[in-house]
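Worksheet: one structure, shown below.
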Number of protein chains: 2
Amino acid sequence: MQKKLTINDIARMAQVSKATVSRVLNRHASVDPVLRERVMDIVQEHNFVPNVTATELANGRTRLIGVLAPPLNWPAIPEIMHGVSEYIETTPYEVVLYSMNLERNHSDVLDRILAMRMVSGLLAILPGGLSSHLDTFFQQGLPLVMIDDQKEPTHIPWVGIDNFSSAYEATNYLLQLGHRRIAHIMGPRHYYCALQRLEGYQQALLEAGIPLEPDLLLQGEFEPASGRRCAEMLFAQDRGTWPSAIFVGNDQMAYGVLEVAEERKIQVPEAVSIIGFDDNLLSAHMRPPLTTMHQPFMEMGYQATKLLLNMIDPEHVHKPEQKWQAFSSSLPDTTKNDHSSRIQIPTHLVTRTSSGAFHPRLL
Amino acid sequence: MQKKLTINDIARMAQVSKATVSRVLNRHASVDPVLRERVMDIVQEHNFVPNVTATELANGRTRLIGVLAPPLNWPAIPEIMHGVSEYIETTPYEVVLYSMNLERNHSDVLDRILAMRMVSGLLAILPGGLSSHLDTFFQQGLPLVMIDDQKEPTHIPWVGIDNFSSAYEATNYLLQLGHRRIAHIMGPRHYYCALQRLEGYQQALLEAGIPLEPDLLLQGEFEPASGRRCAEMLFAQDRGTWPSAIFVGNDQMAYGVLEVAEERKIQVPEAVSIIGFDDNLLSAHMRPPLTTMHQPFMEMGYQATKLLLNMIDPEHVHKPEQKWQAFSSSLPDTTKNDHSSRIQIPTHLVTRTSSGAFHPRLL
DNA sequence: TATACCACAGAAACCGGTTACTGTCAATAC
DNA sequence: GTATTGACAGTAACCGGTTTCTGTGGTATA
């Protein structure tokens, strides 16, 4: 790449000091309009763009935000990232992607990342085991937002959904279809969202006057294989004990359940209704298409990024450097607590063919 | 965040000059082992990590590579990005994600990005219309790798597949199943890959002694709606003129074709065999599951990143700063031209239920 | 006309590193 | 015993900007 122009080159060409060039570029008021014009002409003529690194060093802050994410081929992550990108595009910031693979404890990596002072803020997507570590950084003043963490609520700014209400709504939907024996395949108990969903499920049953039946509660790992395993347990006994509907803790596990049903020729939804949670991209294409609770992942990414940037510099919203037009969010009023640091985004039920009215079963 | 330690602080504490501290940190040989030890102790005691920005400014290069990608919710992009992350993790580099949305011509944005000198190299995923613009940068010395660009081959380092051979293989597969009337729904003609796939298809037919029939060649836009449109045209006429198999230019269009078949109660594969191209994640879950030509997207991301980093600094491979273990690529010998700057990665056919042997049709 | 003030631009310090150059001291050569 | 050399650490320049401080000239005020 050809040698890059520096502010000194511009200064020389314009016959002014580099200080003046800097002031012109940063739109300081204290520059004579005539001079400003002359300098700007030269800047534009040569397509001069100041070196970011130098600017960042001088300013003591970067225009980078770190995004800590699970592997991008996980479900939902691309959608979240899409929302992140949509918002970032309206700002002068860029995203540094830290993709963490698997269970390895990345806290040392995290330490270095943050110690280097490369990013001015961090967006942590499903931080999982890292969240307590992140807490430390937040205490120390690092601008930080979590998306859908799976621990207890903390004071850390957070964007996610109301798992309790969503699960409550999902279960109620099955109740309204006439189901009474409703099983639940929950996620791992160490995930806060799994517990919340369980509670929503239980609350709905209790309100309907249906006693909780331990046999109808199983625990999986939030991935298809465990869904299979649980489904096999549910269908292992004699047909009279089967549930007529299953509320599965997430879509991934529901896929496993659907597979078992297909293998065993158990009709869905005629013999058993199945409802998932998440609305992953695949869910609309299952056999049969999966009824599920939709999580607005893209919106979550968008809102989380917005929140983070407001923490980093509250002014940026109105700066002229805005790269492009603002994203026309279709959900201006749906985000409760717009000014709080915990944003809950509404979910909604997507009814597809995997769920249907209860039919008394022919034994 | 608490005030960060600088190299000066360390120098003061160790009673040496900052130059010495710098030399210790960069493992220069010309430091007395005893002194080195003393400095390192202090560095470790305080968890000192040098400020990246300052380092980058002094060195005149950053440890960032830019990844120019379509929106992450596009098919295949997450898989490619996953491969990118896998490789990046083995290096001291990080990824800056430039997600470009839609058709907007981003060349001005690109100009600024590169003028700022923020990234030391660029990985362009499906650059499309931007590729000629990128060419200019490459000429000027910017380390650049393209993944699966859709223009004519250039001298720009590139990672992709052999579209001609893959299409040839796909078509041959249908021929071997006994099909003779094989339609092709191609992608837009301005995509080089679409042309290559067309040629592969034609070549296979010609070699089988089957004349090309213009009615059996349609053109779509690489997305589902156009697949629907083309399918409707194919099935518009009297049943005798239908193809017994359709080679669809990509999976997205094949989804549209499957929809039309389902609506019209045309049995797949009994009445018509369908084969796609790409093997997107959804394809295994179609009704029926789609036979398709698998593109190893993750491997493409991995190889492209490797190629790019070798261009940027050929030494990095053996540096001790390697963040983690090397990625154990399962395909060490499958990449032809390992030292060239055009890497073709092998595809393979994935046979699922949407394709089957030719049955003479009952009229 | 002298003084105060203001507008504006340049000089220089600074951000936090790296590195060319310089200087010191001890070991080796003559 | 002096000259030469080499090992090593410190000084200072440098990367390319931003910003504080200083200085100049013009205008308003007394």
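Every heavy atom of this structure was used, including side-chain atoms; hydrogens, water molecules and symmetry mates were not. Naming convention: chains lettered A, B, ... in sequence-line order (proteins, then strands); numbering from 1 in each chain.
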Practice item. State whether A/R12 and A/D9 are salt-bridged, where the test is any N-O pair (Lys NZ or Arg NE/NH1/NH2 against Asp/Glu carboxylate O) under 4.0 Å. Key: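 A salt bridge links A/R12 with A/D9.
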
Review point. Does any non-hydrogen side-chain atom of A/L309 lie less than 4.5 Å from one of A/I88?
Key: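 Side-chain contact under 4.5 Å: yes.
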
Practice item. For the residue pair A/I147 and A/F297, establish whether any side-chain heavy-atom pair is separated by less than 4.5 Å. Key: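 A side-chain contact under 4.5 Å is absent here.
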
Check your understanding: With respect to the phosphate group of C/dG10, does any side-chain polar atom (N or O) of A/T20 fall under 4.0 Å of OP1 or OP2?
Key ->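 Checking C/dG10 against A/T20, a side-chain N or O does come within under 4.0 Å of OP1 or OP2.
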
Exercise for review: Check whether any side-chain nitrogen or oxygen of A/S17 sits under 4.0 Å from OP1 or OP2 of C/dA11, and answer yes or no.
Suggested key: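 False: A/S17 side-chain N/O out of range (4.0 Å or more) of C/dA11 OP1/OP2.
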
Of the nucleotides [options], which has the atom closest to the [X] side chain?
X     : options                : answer
A/N59 : C/dC8, C/dG17, D/dT18  : D/dT18
B/P50 : D/dT19, C/dG17, C/dT19 : C/dG17
A/R23 : C/dG16, D/dT18, C/dA9  : C/dA9
A/N26 : D/dG16, D/dT18, C/dG10 : D/dT18
B/D32 : D/dA9, D/dG16, C/dA11  : D/dA9
B/S22 : C/dT18, D/dG17, C/dA11 : C/dT18

Exercise for review: Write down the atom of B/S85, the atom of A/L97, and the distance for their closest heavy-atom approach.
Suggested key: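 Result for this residue pair: OG-CD2, 4.5 Å.
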
Check your understanding: Which heavy atom in B/V159 sits nearest to a heavy atom in B/M300, and how many Å separate them?
Key ->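 Closest pair (atom of B/V159, atom of B/M300, distance): CG1-O, 3.7 Å.
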
Write down the distance between [atom1] ([X]) and [atom2] ([N]), rounded to a whole number of angstrom.
X     : N      : atom1 : atom2 : value
A/L25 : D/dG17 : CG    : P     : 9 Å
B/E56 : D/dG17 : CD    : C1'   : 15 Å
B/R12 : C/dG16 : CZ    : C1'   : 13 Å
A/I7  : C/dC14 : CD1   : P     : 19 Å
A/L57 : C/dC14 : CG    : C1'   : 9 Å
A/I10 : D/dT18 : CD1   : P     : 13 Å
B/H28 : D/dA7  : NE2   : C1'   : 16 Å
B/R36 : D/dA7  : CZ    : P     : 15 Å

Review point. Where does the angle between the aromatic ring planes of A/Y302 and A/Y87 fall among parallel (under 30°), tilted (30 to 60°) and perpendicular (over 60°)?
Key: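 Answer is perpendicular, since the angle exceeds 60°.
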
Point to revise | Closest-nucleotide 5' rank along DNA chain C - winner of A/K18 and A/S30 | key: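 That would be A/S30.
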
Practice item. Return the 5'-most residue of the pair A/A54, A/A19 with respect to DNA chain C, ranking by each residue's nearest nucleotide. Key: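 It is A/A19, whose closest nucleotide lies nearer the 5' terminus.
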
Review point. Heavy atoms under 4.0 Å, any strand shown: does A/V21 hit a base, just sugar-phosphate, or nothing?
Key: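 Contact class for A/V21: none.
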
Practice item. Assign A/L35 to base, sugar-phosphate, or nothing according to its heavy-atom contacts below 4.0 angstrom with the strands shown. Key: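 Contact class for A/L35: sugar-phosphate only.
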
Check your understanding: Starting at the 5' end of DNA chain D, which residue's closest nucleotide do you reach first, B/P33 or B/A58?
Key ->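 Taking each residue's closest nucleotide, the earlier one in sequence belongs to B/P33.
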
